[in-house]
Participant: 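Dropping a structure here in structure tokens format, bear with me for questions.
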Amino acid sequence: MKILVCISHVPDTTSKINFSDNDTKFDTNGVQFVINPNDEFGLTRAMWFKEKQGAHVTVVNVGGSETEPTLRKALAIGADAAIRVNTPATDGFSVAKQLANIVKDGGYDLIIAGRESIDYNGGMVPGMVAALVGANFVNNCISLEVEGTSAKAIREIDGGKETVSTSLPLVIGGQKGLVEESDLRIPNMRGIMMARQKPLTVVEPIVTNAETTSVSFEKPAPKGAVTLVSPENLDELINLLHNEAKVI
């Protein structure tokens, strides 16, 4: 079984976030980047398939050379090979097209992606990849078993869980539950040394057009912040709340 694990290069949640150029660009200075947590759950599950069923695991990222340390960490965890599509991750649809091209060229049986990245939280890439390559798709996946060309998955739905049976090729949008946090792996020295010898292939992107662009960014209000209401606006605020209450 050939597995492709999609890896997003995202800021660590402990990093202090700032913006530059009049809040139109994300400031990467001093920011520590990591494997997207939802992707790391998927990578760990892929390692289980490698160890139990002899699967071959490749990781892929769409991004510039600055993302290679994140791919090297995935190799140190145990992936067999890495691919970097040499273009910035501009928007979800463009990223999905680049990944779909890799899937088609590589003939992968199982494509594991996180249900969303923790920076943009778009939640769109795995489903788009499945549609573009004509594969089955299971989102919000919290359990996955594969036997031959058949797969059994459990996904979270509103108010509960759903068990589904499907077949390969398959794309999943994974999350916590696919493995538990205690199952995540920290690269050891042997893994780090071996990662240096594993192939990291850089491929040029196919031509795509960005469907969306980020116009500006805004930080959320500080915790505990309150909005002051002037006396002349108080009646207007009361009427607004009253009308919303009627709608509810």
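FYI, side chains are in, hydrogens and waters are out, and symmetry mates aren't considered; it's all heavy atoms of this structure.
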Participant: In Å and rounded to the nearest 0.5 Å, what is the OG1 to CG distance from Thr149 to Leu170?
Facilitator: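 Atom-to-atom, Thr149:OG1 and Leu170:CG are 11.5 Å apart.
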Participant: Counting neighbours of CD1 on Ile157 that are heavy atoms of other residues, nucleotides or ligands and sit closer than 6.0 Å, is the number greater than 12?
Facilitator: yes
Participant: How long is the span from the CG atom in Leu144 to the CD1 atom in Ile142, to the nearest 0.5 Å?
Facilitator: 11.5 Å
Participant: Taking C-beta and beyond as the side chain, do Phe137 and Pro126 meet within less than 4.5 Å on heavy atoms?
Facilitator: yes
Participant: Does atom NZ of Lys219 have more than 12 heavy-atom neighbours, drawn from other residues, nucleotides or ligands, at distances under 6.0 Å?
Facilitator: yes
Participant: Quick one about Asp183 and Thr44 (side-chain donor to acceptor, distance below 3.5 Å, no hydrogens or angles considered), yes or no?
Facilitator: no
Participant: Would a hydrophobic clustering, with Ile, Leu, Val, Met, Phe, Trp and Tyr connected at side-chain separations under 4.5 Å, put Leu99 with Val59?
Facilitator: no
Participant: Of the non-hydrogen atoms in Ala153 and Cys141, which two are nearest, and what is the gap between them?
Facilitator: CB-SG, 4.0 Å
Participant: Working to the nearest 0.5 Å, report the span between OG1 of Thr212 and CZ of Phe93.
Facilitator: 10.5 Å
Participant: I'd like to know if the side chain of Asn38 pairs up with that of Asn36 as donor and acceptor (distance under 3.5 Å, no hydrogens or angles considered).
Facilitator: no
Participant: Just by distance, do the side chain of Lys73 and the backbone of Ile35 share a donor-acceptor pair under 3.5 Å?
Facilitator: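 No: the side chain of Lys73 does not pair with the backbone of Ile35.
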Participant: Picking from Ile3, Val171, Leu4, what satisfies side-chain contact (heavy atoms from CB on, under 4.5 Å) with Leu110?
Facilitator: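 Exactly one option meets the side-chain contact (heavy atoms from CB on, under 4.5 Å) with Leu110, and it is Ile3.
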Participant: Between the main-chain N or O of Ile206 and the side-chain N or O of Gln98, is there a donor-acceptor pair closer than 3.5 Å?
Facilitator: yes
Participant: Crowded around Glu204 CD? As in, over 12 foreign heavy atoms under 6.0 Å?
Facilitator: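 More than 12 heavy atoms, drawn from other residues, nucleotides or ligands, come within 6.0 Å of this atom.
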Participant: Counting only N and O atoms by type, is there a donor-acceptor contact under 3.5 Å from the side chain of Glu68 to the main-chain atoms of Leu200?
Facilitator: no
Participant: Looking only at non-hydrogen atoms, find the nearest pair between Asn61 and Ser8 and report the distance.
Facilitator: ND2-CA, 4.2 Å
Participant: Report the distance from atom CG of Asn86 to atom OG1 of Thr67, rounding to the nearest 0.5 Å.
Facilitator: 9.0 Å
Participant: So, does Lys2 use its side chain to make a donor-acceptor pair with the main chain of Gly106 at under 3.5 Å?
Facilitator: yes
Participant: Under the side-chain contact (heavy atoms from CB on, under 4.5 Å) rule, what do Val146 and Asp109 come out as? Steps first, then yes or no, please.
Facilitator: CA-CA 11 Å; Val146 177; Asp109 305 296; over 6 Å; no
Participant: Can any side-chain N or O of Asn136 pair as donor or acceptor with the backbone N or O of Ser167 at less than 3.5 Å?
Facilitator: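 At least one qualifying donor-acceptor pair exists.
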Participant: Answer yes when Lys152 and Glu145 have at least one side-chain N-carboxylate O distance shorter than 4.0 Å, and no when they do not.
Facilitator: no
Participant: For Glu218, does the CD atom sit with more than 12 other heavy atoms under 6.0 Å from it, leaving out its own atoms?
Facilitator: no
Participant: For Phe33 and Phe26, take the angle between the two ring planes, folded into 0 to 90°, and tell me which bin it lands in: parallel under 30, tilted 30 to 60, perpendicular over 60.
Facilitator: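 Rings of Phe33 and Phe26: perpendicular, over 60°.
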Participant: Between Trp48 and Gln53, is any pair of side-chain heavy atoms under 4.5 Å apart?
Facilitator: yes
Participant: Between Cys6 and Asp39, is the side-chain contact (heavy atoms from CB on, under 4.5 Å) condition met? List the steps.
Facilitator: CA-CA 7 Å; Cys6 305; Asp39 301 341; 5.6 Å; no
Participant: For His9 and Glu66, work out which heavy atoms get closest and say how close.
Facilitator: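 Answer, listing the atom of His9 first, then Glu66: CE1-O, 3.4 Å.
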Participant: Can you find a heavy atom in the side chain of Thr213 that is under 4.5 Å from one in the side chain of Asp91?
Facilitator: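 Answer no - side chains too far apart.
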Participant: If you define the side chain from C-beta out and look only at heavy atoms, does anything of Leu43 sit under 4.5 Å from Ile112?
Facilitator: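 With C-beta onward as the side chain, the pair stays apart.
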Participant: How about Tyr120 and Ser214: do any of their side-chain heavy atoms sit closer than 4.5 Å?
Facilitator: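 Yes; the side chains approach each other to less than 4.5 Å.
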Participant: Using a 4.5 Å cut-off on heavy atoms from C-beta on, say whether the side chain of Leu168 contacts that of Met1.
Facilitator: yes
Participant: Would you say the side-chain atoms of Asp80 pair up with the backbone N or O of Val57, donor to acceptor, closer than 3.5 Å?
Facilitator: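 Side chain of Asp80 to backbone of Val57, a donor-acceptor pair under 3.5 Å: yes, one is there.
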Participant: Please report the interatomic distance CG(Asn29) to OG(Ser15), rounded to the nearest 0.5 Å.
Facilitator: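 Atom-to-atom, Asn29:CG and Ser15:OG are 12.0 Å apart.
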Participant: For side-chain contact (heavy atoms from CB on, under 4.5 Å), just list the numbers for Tyr108 and Val133, CA-CA rounded to whole Å, side-chain angles, deciding distance to a tenth of an Å, and then say yes or no.
Facilitator: CA-CA 11 Å; Tyr108 295 97; Val133 302; over 6 Å; no
Participant: Give a yes or no on whether the backbone of Arg155 and the side-chain of Asn140 come within a donor-acceptor separation of less than 3.5 Å.
Facilitator: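 Not confirmed, Asn140 side chain does not pair with Arg155 backbone.
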Participant: Could you grab the distance from atom CE of Met124 to atom CD of Glu116, nearest 0.5 Å is fine?
Facilitator: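 Taking CE in Met124 and CD in Glu116, the distance rounds to 10.0 Å.
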Participant: Does the ring of Phe49 carry Arg45 above it, NZ/CZ under 6.0 angstrom from centre and within 45° of its axis?
Facilitator: yes
Participant: Is the backbone of Asn18 close enough, under 3.5 Å, to the side chain of Asp27 for a donor and an acceptor to pair up by distance?
Facilitator: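 No, the answer is negative, given that no donor and acceptor are paired below the 3.5 Å cut-off.
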Participant: What I want to check is whether the side chains of Asp21 and Thr24 have a donor and an acceptor closer together than 3.5 Å.
Facilitator: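 No donor-acceptor contact under 3.5 Å links the two side chains.
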Participant: Do the side chains of Val103 and Leu132 get nearer than 4.5 Å, heavy atoms only?
Facilitator: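 The answer is no; the side chains never approach within 4.5 Å.
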Participant: Would you find a donor on one side and an acceptor on the other, under 3.5 Å apart, between the side chain of Arg84 and the backbone of Gly63?
Facilitator: yes
Participant: Ignoring hydrogens and geometry beyond distance, is a side-chain donor-acceptor pair present between Thr14 and Asp12 at under 3.5 Å?
Facilitator: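 Yes, a side-chain donor-acceptor pair sits under 3.5 Å.
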